[in-house]
Amino acid sequence: MFKKSVRVLFVVAIMFVLAGATYAFAAANTVPDSFAGDGSGTVSGYAVSNIHYVLAANPVNIASVTFTLDSAATDVRISFDGTTFHSCTVTGGTSCSCTVTGTVSVLSATSLRVIAVQ
């Protein structure tokens, strides 16, 4: 009976040591300050001006498009059909130069869609 009590006491002592170690580990965590919030603001569109089309070596196709935005943007894309988009390089926040990938004929370009984000 004495041996059984010692075993039980030993198991209980190990549980206290593990509980203390777990507490000490958890107590050592450091969490930096952070922010969370909810708000709203106006989302307005861009005014596009000075649109200039550059013809490809085969002049029935468009090689690139340049234009100016009225406010700074960081990511700009264009599309002539609403499904295929071409990336643009933005210089100075408002000057955009877009290289047309693939073949887009002048005849098939019935609209110019500009998507820009700040």
Residues Cys96 and Val76: closest non-hydrogen pair is SG-CG2, 4.0 Å

Can you give me the closest heavy-atom contact between Leu107 and Thr110, atom names plus distance? O-CG2, 4.2 Å

Whether Thr94 side chain and Ser71 backbone form a donor-acceptor pair below 3.5 Å: no

Exercise: identify the closest heavy-atom pair between Ile62 and Ser105: CD1-O, 4.4 Å

Spatial distance of atom OG (Ser95) from atom CG (Asn50) [nearest 0.5 Å]: 8.5 Å

I'd like to know if the side chain of His86 and the backbone of Thr101 have a donor-acceptor N/O pair within less than 3.5 Å. yes

Please answer: with hydrophobic residues joined when any side-chain heavy atoms are less than 4.5 Å apart, are Val48 and Val90 in the same cluster? yes

Nearest atoms (heavy-atom pairs only) where Asp70 meets Ala47: OD1-N, 2.9 Å

Spacing of Ile78 atom CD1 and Ser97 atom OG [to the nearest 0.5 Å]: 9.0 Å

Would you say Val54 and Val104 are hydrophobically clustered, going by side-chain heavy atoms of ILVMFWY under 4.5 Å? no

Residue pair Cys98 / Phe67: nearest heavy atoms and the distance that separates them: SG-CE2, 3.5 Å

Membership question, hydrophobic clusters at under 4.5 Å side-chain separation (ILVMFWY): are Val100 and Ile51 in the same one? yes

Tell me, with the steps shown, if Val106 and Tyr53 meet side chain to side chain contact (heavy atoms under 4.5 Å, CB included). CA-CA 9 Å; Val106 173; Tyr53 297 90; over 6 Å; no

Determine whether the side chains of His52 and Thr66 contain a donor N or O and an acceptor N or O closer than 3.5 Å. no

Quick one: does Tyr46's side chain have a donor or acceptor within less than 3.5 Å of a partner on Ala72's backbone? yes

Taking Ser79 for its side chain and Thr84 for its backbone only, find out whether a donor-acceptor pair lies under 3.5 Å. yes

If hydrophobic clusters are built from ILVMFWY residues whose side chains come within less than 4.5 Å, do Phe80 and Leu55 share one? yes

